Every structure is written in structure tokens, then in C-alpha cells.
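A short worksheet on the structure shown next.
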Amino acid sequence: MTSVDARKPAGFEDNDQHPVGHGRMLRKEDPRFVRGRGNYVDDVQLPGMLHLAILRAPVAHARLVSIDTTAAEAHPKVKAVVTGETLAGLNLAWMPTLSNDVQAVLVTDKVRFQGQEVAFVVAEDRYAARDALELIDVEYDILDPVIDVRRALEPGAPVIRDDLEGKTDNHCFDWETGDAAATEAAFARADVVVSQDIVYPRVHPAPMETCGAVADFDPVEGRLTLWSTTQAPHAHRTLYAIVAGLPEHKIRVISPDIGGGFGNKVPIYPGYVCAVVGSIVTGKPVKWMEDRSENLVSTGFARDYVMRGEIAATRDGRILAIRTNVIADHGAFNGTAAPVKYPAGFFGVFTGSYDLEAAYCHMSAVYTNKAPGGVAYACSFRITEAVYLVERIVDCLAAELAIDPVDLRMRNFIRPEQFPYTTKTGWVYDSGNYEPTMREAMRLAGYEDLRREQAGKRARGELMGIGVSFFTEAVGAGPRKHMDILGLGMADGCELRVHPTGKAVVRLSVQSQGQGHETTFAQIVGEELGIPPADIDVVHGDTDNTPFGLGTYGSRSTPVSGGAAALVARKVRDKARLIASGMLEVSADDLVWEKGSFHVAGDPGTAVTIQDIAMRAHGAGDLPDGVEGALEAQITYNPPNLTYPHGAYICVVDVDPGTAQVKVRRFVAVDDCGTRINPMIIEGQIHGGLTDGVGMALMEIIAFDEDGNCLGGSLMDYLLPTALEVPDWETGFTVTPSPHHPIGAKGVGESATVGSPPAIVNAVVDALAPFGVRHADMPLTPSRVWDAMRGQARPP
Ligand code: MCN
Ligand code: CUM
């Protein structure tokens, strides 16, 4: 497997000079975005289209006493007002979640979180729909809200999910992994045991485009067209088919351009179902677009893990075991989108990049009066939480042993010869070579010099911190035998057609939200067939025009659909070889492939290009025996394993001793995602993820007051990082291909979001070492840092 030309200087990004296939190339989709020609759900305008607005609960926990809709119905522009009772009559008041729970589409019995959907109005325009919401009169009987996860587990706590038969507590599920007894034995033998309570607070992906849908139900044909902000159009369609009792071919889900997903657009939201119902009851197309507050308050949040980590080691820094206990806050409904076998997502990789003897985790997931969700915000299915836990606790151990944190990590890395490596929780890491990646980060950062600089500053009372994190991710779910969402196996289809003139169209089952798939998938096919990526059109996000597959999340597009795209192109190439053998009148075995053409072995001058072959495949005259006309193929790719990218991050912060303000001065990120398709796009993904990390580490939190009011419902309160808060990122890379992936590529879309928060927090804690600080919980706002400096900890 060869690496690619990432070291080409910037400025090379000129598509005319670009070699066919992998490499730096400007994004094909960008001309339409920078010229305002993107086509988002809110751009869809249909004749006679009506607008839908949702009435949301102002309180977190309350019995619904009555709803009076008469005044709203009398509004001259209102076409329909729908309540939970109306939906119950249609058997649509509840819908399945992606985790085999149920969620109320509209409240019938009880409000379970602030912002929950209570009723909706369909009106002639968006303003009238919103105005009419204020005319709906709802009476609530307020109940005691349960906001804190520990309180939710106390006996006698109010039962949130009394809709579930026989439910007498707020337990959602229990889950464990690893070997408790072996871990206990390792802890008993250890010289040193360090434990630490660690909270990964509730945060929100906050994509630029909020969620929404346009539903158009044709009652004559019984056909539904739904434009919606979804990361998984095919999976959503099957769920709609099951809920509505319609066959899939009567439902077309179109996910046009998406303005950021970050996992926020994986779940099915009540609003989508409301839009469909709105179209059915009015007989008109109906648009629903949520506003910023609705998005922040009611849609899929991320994290909210209360963890206790314990690490056992020998005096000379050999890690023996890690143990963790987690209370996972799932909100009012279990709406996470984890594979069925993995209710805690892939949190099981909490042993990180280290070769240890034993590990164990116990988790209790609980219901609280908060919005549902959990798996979002570039989480790699909860690997964010796992990596944060292990990278924080390893730093705690380093402090305890007075060993340099890089040194401690290096002593415990899984060694290259140990791959494929089975972790103590049963995950098989496909490939890795950790030490060179760590050393490259140290080289780029000038690690030794930084430590010297820090020592000098400390002597002068200045607070400089250096934070390190090293992560291994597991991305690219399936295989289908282990991974499914509600019974739908995680494999992906791909179709490729080469037209007579040698231009091609490739159809994917995954859906881009900004990751540049229209470019990189054209490059994958281009690399295999020698057709310039500019000549390859990528079609995605329309169930009528793409093959079935499970969609984009968990950085699975490259590991799964990328594999499918390479293999479907090879299938086309095999057929092209047969056609070429007819054209050149030699046996197919005597043909040599060189990117873009076949030539006769030993005679490079006797050749046909892929374009010649495409024309021949569609042209007049006979093709070799057994070869059908046209040049196309279709495939479903079921990956044999996940791919395991890794990375080493080093962060430098300065903390103002007077104001406790943290400034991220430098950040070095060295990522290894195997074969790199488009280094420019990879860098963009890394830059975005690192910025997310600064947000989570220093600013972002969805907090609640004790009445269950969401305190993060606007971008004035929910702080997102801007260019002002982030440094100029310094990136590097190593290349350790995946041995099982058709082109050796691993996913990278979530790496930086996973790896950066621990590096930043480790840096801040390192800066505060003179105060004896060993841990402080995110977000490290000035007030939290101030408290940490003064030896106080505030409740999360
Ligand atoms: N890539 C590459 N070489 C590799 C790996 C990836 O060139 N070895 C390219 C891919 O071809 C693709 C991009 O990098 O164009 C990301 O690929 P991948 O890692 O496969 O991730 P996905 O495409 O499946 O994207 C999902 C991932 C997730 S889960 C979240 S969350 C997230 C992320 O992507 N959401 C994003 N990055 C995002 N970036 C944008 N702009 N918007 C989002 O919503
Ligand atoms: Cu977990 S966020 Mo992404 O997998 O869509």
C-alpha cells in the first residue's frame, strides 16, 4: 500500500494539474456552495406548500391535563391543529426509537422533558403557524423533575417512564464488559492505584443547519416524498415504512445538501413524523424547519457520562488494569443510535492504545427529564467518552508516579508486532504503529523545548501547560453479523455506470453532510479506473436513486462505502479487461492494467484506454462471448472488521493567573487514518474536529437548573468556538494502512473531536499542577479554572 502526496505544498490544489485518483484536489461540490447554489431542505418550495410549527412543553415534567385548540383553529390562516390525542386515534402518538425504545411523537399523557413536542399547527405561512401556537391553551399538572442522574437512581425518585409497563424506577439498562475478577486480581497486585471521578458533560452538535423536513403525500398514488435532514436516508425510509404500513417503494426519502450533521441528523425526530401527518391531513405539501432553540433544546445531544475511572500500575509505570463505572444519562427516551448489540456504543474501547492485563466496565443507563439522544457530535459511537476517560486517568497516573505523560504512554503502547491486537474487552484492532506517531507529534511540537520553556515559566509564577493525548478509534461499522440498527445490517451498496464517452456516475448509500463525498468518492473510483474525478459524478441522498445502505455516522463512509466504491470499480475493470481482450485480440490474461488503460504484456504501444473500452462496451458489433453490453456494476460491501485509526495530540495552553482564562497557544495533531484519499479534505476534517474539541473542553455545556429548565437553548448561552478561540492548527500524519480494507483506508471524520478534549484538559491540569490540581471537569471556563486553582470543585 503506498501513501500519497500529502507533503505537496499548498497551492498545488489546482484540479487541472491533479493526477487521476487519490491526492490533494479541491472539492467538486464547493462551486455550488460558494455561489449560493446549494440546495438545502429549507430551499425546497412546492406549489401549495403549507408550514408547520410545533408547540413545545415549557416544563420538564408534568401531567397533561387538557389542551384547548379552538382559538388556534379559528385563526384565518390555520389549516390544521393536531394534538397527541389526534395522533393516538391514528395509532401514531408513539414511534420506535433507533434503540428499541419508544418516544412520544406528541404528548398524550405526560411531558418528560422541557421542549418536548405537545401539538402542532399547519398554516399558510411560517409566521401564522408560529402565531397560532400562542392560541393553544394547555393545562399542565407540574411534577417533580428528575435532572441529576444519581438522584434518578435513588429509591423513591419519581418514575419518568410510567408509560412502560411495570416500570417502577428510572433504570434504562445495565451493561458490562471485560473481566471483573481478573481486573480485581490485577488491582490487588498493583503497587499504585489511582482513581478519579470524571464527568463528560452534556454537549450538543449544533450543526449550522437545524433539522427539518418537507413532506408531500400523494393520496391518489399512496406515495410519500420526504425531503429531510437525515444522515441515513435508507434506514429512515424503512422505519417510516414500518410505522406507516407503506411499502418502501411508495416512500422516497431525499436528503439534499445538508448543512452539517455531526450525528444530530441520525435519529428520527417527532417533527419529521409531524410533517408527514400534516401533509396527510391537509392534502398539501408541508414544511417543518426548527429554529435554533428548538434544535438545541430538543434534538440529539451528546455525552452526559458520569464516570469513575480507576487505574492500577506497577511503581515503574507498567499499567496493569483499568476499571470504570459509568452512569449514563439517556434523557427521557432511549433515542441513541447505537448498534443493537452495543447499547453503550463502542465505549468498550476504554482501554485505549495500551497493552494491559485486565479491564472491566460497569454501566447503568438512566432516564432523566432531559431531551433524548446521546450518540452525536462526532462521537464515534461513544469513543469520545472512552478516550477522554483513559487519557485523563493515564495522566492522573503519570502525576502520581511523577513520570512524564509521554513516557508513561510509550511504556504501555500496544507494540506493532502485536497487531491484529485483541483488547481485554474483545475488540480486534486491525493495525497500528503508535510510537512513530507519538514521536512525530513530539518532533512537530518540539516537546523537550516546550518542557524547558515550561520549567522557566513556572519558576516565574507563569501558568503554562502541556497536554498530551493518544487515541485509538474504532470506525466503520459493520460487519453486519455484529452490527445492526433495529435489525438492518450495517453494510453498504454502491453502483457504478461508465457511460459510452467514458464519463461515469457512482451511486452511494451514504450521505455527506459536508465531508466532501462528491470529491473523495470520485477520487476512489478514479484511482481504480483511471477516469479523472472531474468526469465522475457522485449521486447520494435519494433513496429512489441509490442502493440500500445504512448511512453516514461513526466515520463509516470511507471504511464501508469507500470499500464498496473501490470494489465496484474493480468489478467494472474486470469487465473492461474482457472487452479489451476482444478489442486487442489477445487473451485477457495477457493484458496489463496501467491506471486508465490496458496494454498487451511486453508491448506497451498496443493499448486501449478505459474510454475506448467504454465506447466499445456500448457500441455496434459483437463483444467477447459471455460479456453483456454496457460497462456497469453493483455491489454490497460487508466489511470484515472495523478500522482503527489512531493519533497523537499535543496541546500547549497558557492560563492567566489573574483571570483564570485559558488560551490554547499551540496544538499539534498527528493522525493516522491509513491510506489517505484526499489530504486536503482530511486536514479540513481535522481542523473542524479540533475546533470542536476546544469548544467542548473550554466552553460548551447543555446545563439544566433544578426545575429542569434547559440553560443552553441559544447560541448566546451555548458557546461555540470561533476563529478567535483557536490557534493555527499544526497537523502531521503517519500512514498505517488497514490490512482488510480494499484500499487500506480508515475513517477520520471524528478523530480530532475524539482526541482533542483530553489533550486540552490535560494541558490545563498540567498548567495548574503548582496548585496541586489533578483534575477539573469540562468545560474549563474561567470560573471552573478559578475554583480549581482555589481547591474547590463545583458540581457539574
Ligand atoms: N477521507 C480520506 N481519507 C481517509 C479517510 C477519509 O480522504 N483515509 C475523507 C473521506 O473520503 C471523506 C472525509 O474524509 O470525504 C470523511 O470521511 P470518513 O472518515 O469516512 O467519515 P464520514 O464521511 O463517514 O463522515 C462522518 C463523520 C462523522 S460521524 C461526523 S459526526 C462528522 C464528520 O464526519 N460530521 C461532519 N465530519 C463532518 N464534517 C462536516 N463538514 N460536517 C459534518 O456534519
Ligand atoms: Cu456520533 S456523531 Mo457521527 O457518528 O454522525
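Each ligand, and each atom within it, is numbered from 1 in the order the structure gives. Here the structure is a predicted model, which means the values were calculated and not measured.
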Checklist entry - Who gets closest to atom 38 (C) of ligand 1 by heavy atom: Gln513, His22, Gln685, His741? => result Gln685
Item to check | atom 5 (C) of ligand 1 [closest protein heavy-atom partner, distance rounded to 0.1 Å] | outcome: Lys746 O, 3.1 Å
Checklist outcome for this item: the protein heavy atom lying closest to atom 2 (S) of ligand 2 turns out to be Ala378 N, 3.2 Å
Checklist entry - Does Pro205 reach ligand 1, in the sense of a heavy atom lying below 4.0 Å from it? => result no
Next on the checklist: Using a strict threshold of under 4.0 Å (side-chain N to carboxylate O), is an ion pair present between Glu700 and Arg303?
Outcome noted: no
Checklist outcome for this item: Contact region, Val748 to ligand 1, non-hydrogen atoms below 4.0 Å, reads both
Checklist entry - Using the benzene-type ring in the case of Trp, are the ring centres of Tyr305 and Tyr388 under 6.0 Å apart? => result no
Checklist entry - Does ligand 1 have an atom that lies less than 4.0 angstrom from a heavy atom of Gly674? => result no
Checklist entry - Which residue and non-hydrogen atom of the protein lie closest to atom 44 (O) of ligand 1, and at what distance in Å? => result Gly261 N, 2.6 Å
Checklist entry - What distance separates Ser255 OG from His236 NE2, expressed to the nearest 0.5 Å? => result 9.0 Å
Item to check | Taking atom 5 (O) of ligand 2 as the reference point, the nearest protein heavy atom with its distance | outcome: Gln231 NE2, 3.0 Å
Checklist entry - What atoms in ligand 1 come closer than 4.0 Å to a heavy atom of Gly263? => result 31 (S)
Checklist entry - When rounded to the nearest 0.5 angstrom, what is the spacing between CD in Glu730 and CD1 in Ile686? => result 14.5 Å
Next on the checklist: Taking 4.0 angstrom as the limit and counting only heavy atoms of Gly747, give me the atoms of ligand 1 inside it, by number and element.
Outcome noted: 19 (O)
Checklist entry - Can you find a non-hydrogen atom of Gly688 under 4.0 Å from ligand 1? => result no
Checklist entry - So is Cys673 in contact with ligand 1, going by heavy-atom distances below 4.0 Å? => result yes
Checklist entry - Where's the contact between Ile677 and ligand 1, heavy-atom distance under 4.0 Å: side chain, backbone, both or neither? => result both
Checklist entry - How does Glu750 reach ligand 1, if at all, at less than 4.0 Å between non-hydrogen atoms: by side chain, backbone, both, or neither? => result side chain
Checklist entry - Less than 4.0 Å between a side-chain N and a carboxylate O, is that true for Glu209 and Lys265? => result yes
Checklist entry - Cut-off 3.5 Å, side chains only: do Thr552 and Ser557 have a donor facing an acceptor? => result yes
Item to check | Arg556 contact mode with ligand 1 (heavy-atom cut-off under 4.0 Å) | outcome: backbone
Checklist outcome for this item: Contact region, Ile682 to ligand 1, non-hydrogen atoms below 4.0 Å, reads side chain
